[in-house]
Number of protein chains: 4
Amino acid sequence: MAGSVNKVILIGNLGADPEIRRTQDGRPIANLRIATSESWRDRNTGERKEKTEWHTVVIFNEGLCKVAEQYLRKGSTVYVEGQLQTRKWQDQSGQDRYSTEVVLQGFNSNLTMLGGRGEGGGQGAARGGDFGGGYGDDYGSPAPSRGGPSGNRGGSSAPSGGGFSRDMDDDIPF
Amino acid sequence: MAGSVNKVILIGNLGADPEIRRTQDGRPIANLRIATSESWRDRNTGERKEKTEWHTVVIFNEGLCKVAEQYLRKGSTVYVEGQLQTRKWQDQSGQDRYSTEVVLQGFNSNLTMLGGRGEGGGQGAARGGDFGGGYGDDYGSPAPSRGGPSGNRGGSSAPSGGGFSRDMDDDIPF
Amino acid sequence: MAGSVNKVILIGNLGADPEIRRTQDGRPIANLRIATSESWRDRNTGERKEKTEWHTVVIFNEGLCKVAEQYLRKGSTVYVEGQLQTRKWQDQSGQDRYSTEVVLQGFNSNLTMLGGRGEGGGQGAARGGDFGGGYGDDYGSPAPSRGGPSGNRGGSSAPSGGGFSRDMDDDIPF
Amino acid sequence: MAGSVNKVILIGNLGADPEIRRTQDGRPIANLRIATSESWRDRNTGERKEKTEWHTVVIFNEGLCKVAEQYLRKGSTVYVEGQLQTRKWQDQSGQDRYSTEVVLQGFNSNLTMLGGRGEGGGQGAARGGDFGGGYGDDYGSPAPSRGGPSGNRGGSSAPSGGGFSRDMDDDIPF
DNA sequence: TTTT
DNA sequence: TTTT
């Protein structure tokens, strides 16, 4: 299929601390439960109404798992960008069941902490620290401007001093 | 919750003609099944792999239901913008089940035909016709520039009385 | 053109208080300056680099202007969803100039405060309060579930008369 | 800044063939001019109105440059996902000027052909061919499902046969 | 300058 | 069940 897009963008709060587990070959997988909610005033009664939607987010991307583990806690506000995926499984009685999740994997995913009130405390407490646009300190840029802010790019116009000193390929932590 | 976002963007093809039904008070509801797919080359075997994901889209917005009914058919390519919603229901044995759908309702929804090869034929066949940025011909603009193309906004330049033919009110539940 | 999309999503901080002005017929227009920034570690030098991008956001939507006026201040963190528009104007010497802005107008726009450290103080200070998913308290829902939280939609289950207090019509120029 | 997002999503048509140039060190850069347009019916006059917006898209990502070069032509319909960037330059008279562009660079970018009627003909004609979800044939997956369709992932629940046979890291073409 |  |  030429030209398919499958994208989910959420901003919401974690209902619980992230759950991190590992595959048999040691790769981390993180699960988040995220609430988004909307409120409005009922036209007839004038009452304030609110509806909360819960989302399951599954993170396969190793760098983003680290972000989840280090920075996110119950109550944290996050920006999540991933894909919709429906997984088939069997319940105890052998019946087919389906679960739809927001999956973060590969290049078109993102996870960024937006603050919020994580329960904090201890060494692993959530903090609003800079983590490089969605990555831990040890990770490269998600999309730096080649040549920098005054970046003069391409063609014959020689970058003035700056230049394109680095290859983003190596900076992308997937 | 201050500042929640719940947004899904899909571009894909319809696996079947839209299904339209009506509520008791006459409002239309459309269901679409949309496939998105990705392909890649396996690192080890060099084989071409493909994975298709199926999405259920439910349209409550009346104008967008009309678009679905008039223009979309099995095979049509569409752009869809909506929200994730998980609905709880009971199966025959009384067990709780959950279904996650992409819901188009209210102001932050969109449905636009992008062409594709609907099965066509007959009076209702899909066509790549102009439908006003996601709306049927009888509908107004999704977001015209106040004051029109040469729209000169704000300040002293009074918008020249423009206006739009129709009230989307009925479709927008705020 | 069948099927065009023009969408910008920003999360960033206000570099200054919103500027509100009015058209001759009294409609408000708000201007925001929003910074987004990215940081990364330089591959060669190991230095931490950061680049900030500044965006001009213009709000024609009346409800969202109110949100800007009441809740946003220098330093506020916001989620913005709008469209790219390039405006042509003449400088003092009569030369054509172009400015590209993110425009919030019509149904596919959104503005939501995400917290942040507005400079606050006084009656109009920014606060992280709930403002209905991007709207002031007096505004309706951006996209409530027809029928409410337990909303059982379509078919025979008649939506229980719900409704919404206000007509966004004035803000939505279709 | 913790948690910044800068994202542009466009679907539109190319006003001209892509322009490809190269940096001094041989990296390709592609420029696209993309039109998005909206139409509506004027409420007062009943006339059909249309407004077209032109966008400049600059592609630094090498894989996406190849896609542009091989598949896109004047008239092609494309999906573009990138970032807003404003570049400062000096005109002949030495005055500061600014241009805002949609930049595709790094991991959160995408370019996908959606069909459309490129002018075609010759060896380089646009075609609706599969290019791997936005990448040329020689590139890996943008986001394959780890373990494949029946992929049962993580933890102690032994993947039934499947498993995590491959590392996406190597499949990402940046 | 595209597209419908 | 779509599409390439």
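Given the structure is predicted, the values throughout are model-derived calculations rather than measurements. Chain naming here is simple, since letters A, B, ... match the order of the sequence lines and numbering starts at 1 in each.
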Across all chains, not counting sequence neighbours, the salt bridge (charged side-chain N to carboxylate O under 4.0 Å, His left out) partners of C/Glu81 are B/Lys7, C/Lys7
Whole-Å distance between E/dT4 P and D/Asn13 CG? 7 Å
Between F/dT4 (C1') and B/Leu14 (CG): distance, integer Å: 17 Å
Would you mind reading off the distance between B/Leu114 atom CG and F/dT4 atom P, rounded to a whole angstrom? 14 Å
Rounding to an integer number of Å, can you tell me how far B/Asp17 CG sits from F/dT3 C1'? 15 Å
Taking the side chain of B/Glu50 as heavy atoms from C-beta outward, which of E/dT4, F/dT3, F/dT1 is closest to it? F/dT3
Pair A/Trp89-A/Ser99, side-chain donor/acceptor within less than 3.5 Å: yes
Do the charged groups of B/Asp17 and B/Lys74 touch, with an N to O distance under 4.0 Å? no
Gap between atoms NZ and C1', on D/Lys74 and E/dT3 respectively (whole Å): 12 Å
Search all heavy atoms of D/Ser109 against all heavy atoms of A/Phe107 and return the closest pair with its distance. O-CE1, 3.2 Å
Rounded distance (Å) that lies between atom C1' of F/dT2 and atom CG of B/Leu10: 13 Å
Rounded distance in Å - CD (B/Glu19) to C1' (F/dT1): 11 Å
Per-pair stack call B/Trp54 and F/dT1, 5.5 Å, 30°: yes
Length of the CZ-C1' vector between D/Arg33 and E/dT2, whole Å: 11 Å
